[in-house]
Amino acid sequence: MAKLNILEFPDPRLRTKAAPVEVVDDGLRALIDDMFETMYAAPGIGLAATQVDVHRRLLVTDVSSDSSAPYVLINPEILEKDGVMVSDEGCLSVPGYYEEVERAEHIRVRFLDRQGVSQEMDAEGLLAVCIQHEMDHLDGKLFVDYLSEAKRPRIRTKLQKERGHPSARRDLEDLSRGSRAQVEVSRAIRRHRPDLRRLARGSPVAEAGKTRRQEQLSASRDRDAVGI
Ligand code: NI
């Protein structure tokens, strides 16, 4: 087994649309094992083949807190989706960023397992979110694509700056004081978001469900910054 390199935004290879897996053989199973090792080491709760620069329709996930629920989905297809849930998502390819994304709360998905056998499964909550997030990767889509136009260049600039990219440093210097102040404000809002949410959305039933899911998410995050 080997740990694989994870591509990071804005690497253009993350925009590749993956092709279906045609043969499930020992070579593919070795890749699956490497993807699990890479995901657990990150640590993360999901990883798509696209993120390790293999452009085949394949993803791994484990949303448990003790690495006890690994799933591999080959050529996944969503058969049904319903409900809406909003949760803070992160991504191993966009390290350090968490933003709210709206997804279906429940999905029914068909896929091949690691033996190449067709399976169907229902997923809800965090697992459903994770599978939808990874399936986006297979289509070359990132969770930052759901964010506002204004926010995306700032994420790109910050990540490039962290890697010492010279043009990114220039971009950052070009940012007005105003937009820097805005970033600070949005950080402050994020810190207080649970309180704001409680104020903004009154429904106790919705809030109870949401709180449970947020607990699941933050429990996973306690393992360290978690990405999917
Ligand atoms: Ni991701």
Side-chain angles (χ1 to χ4, degrees), residues 3-19 21 31-32 34-65 67 69-78 81 85-105 107 109 111 123 125-148 151-156 158-160 162-163 190 213-214 216-228:
K3 228 166 75 179
L4 306 168
N5 182 46
I6 298 176
L7 302 180
E8 290 186 1
F9 177 76
D11 192 312
R13 290 172 289 181
L14 287 167
R15 297 306 187 177
T16 313
K17 189 171 162 61
V21 169
L31 170 66
I32 291 167
D34 288 348
M35 285 175 61
F36 272 117
E37 184 180 343
T38 306
M39 178 189 82
Y40 287 129
I45 58 171
L47 187 69
T50 307
Q51 291 175 278
V52 294
D53 202 22
V54 175
H55 302 285
R56 295 284 158 184
R57 304 191 77 79
L58 161 68
L59 65 90
V60 298
T61 168
D62 185 344
V63 300
S64 72
S65 53
S67 309
Y71 287 102
V72 51
L73 279 68
I74 301 167
N75 296 342
E77 262 178 276
I78 291 181
K81 52 166 79 179
M85 84 179 256
V86 177
S87 51
D88 275 352
E89 288 187 24
C91 179
L92 295 177
S93 295
V94 192
Y97 284 88
Y98 299 93
E99 293 292 343
E100 283 192 339
V101 180
E102 192 177 299
R103 305 274 188 189
E105 186 178 27
I107 57 171
V109 64
F111 57 97
L126 183 56
L127 180 59
V129 167
C130 187
I131 292 171
Q132 291 169 85
H133 175 115
E134 302 312 332
M135 286 182 69
D136 275 355
H137 277 301
L138 302 179
D139 287 326
K141 195 166 182 184
L142 296 168
F143 85 109
V144 292
D145 299 342
Y146 294 97
L147 310 182
S148 71
K151 227 174 226 174
R152 235 178 304 156
R154 283 206 295 267
I155 294 176
R156 180 166 41 229
K158 177 147 192 305
L159 285 176
Q160 286 176 334
E162 282 163 9
R163 296 181 207 125
R190 185 126 20 103
R213 286 191 295 275
Q214 280 168 342
Q216 284 175 331
L217 275 171
S218 54
S220 326
R221 208 170 289 155
D222 285 345
R223 285 190 273 164
D224 200 351
V226 79
I228 53 184

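Start at 1 and go down the list; that is how both ligands and their atoms are numbered.
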Non-hydrogen atoms of Arg103 and Phe143 that approach each other most closely:
NH2-CB, 4.3 Å

Rounded to the nearest 0.5 Å, how far apart are OG1 of Thr50 and CD1 of Ile6?
12.5 Å

Minimum-distance pair of heavy atoms, taken over all atoms of Ser93 and Leu14
OG-CD2, 3.8 Å

Side chains of Tyr146 and Asp136, heavy atoms from C-beta outward: is any pair under 4.5 Å?
yes

Quick one: NZ on Lys141 to CE on Met135, what's the gap to the nearest 0.5 Å?
12.0 Å

Protein N/O/S count near the Ni ion (ligand 1) (criterion: distance under 2.8 Å):
4

Heavy-atom nearest pair, Ser64 first then Ala69, reads OG-N, 3.5 Å

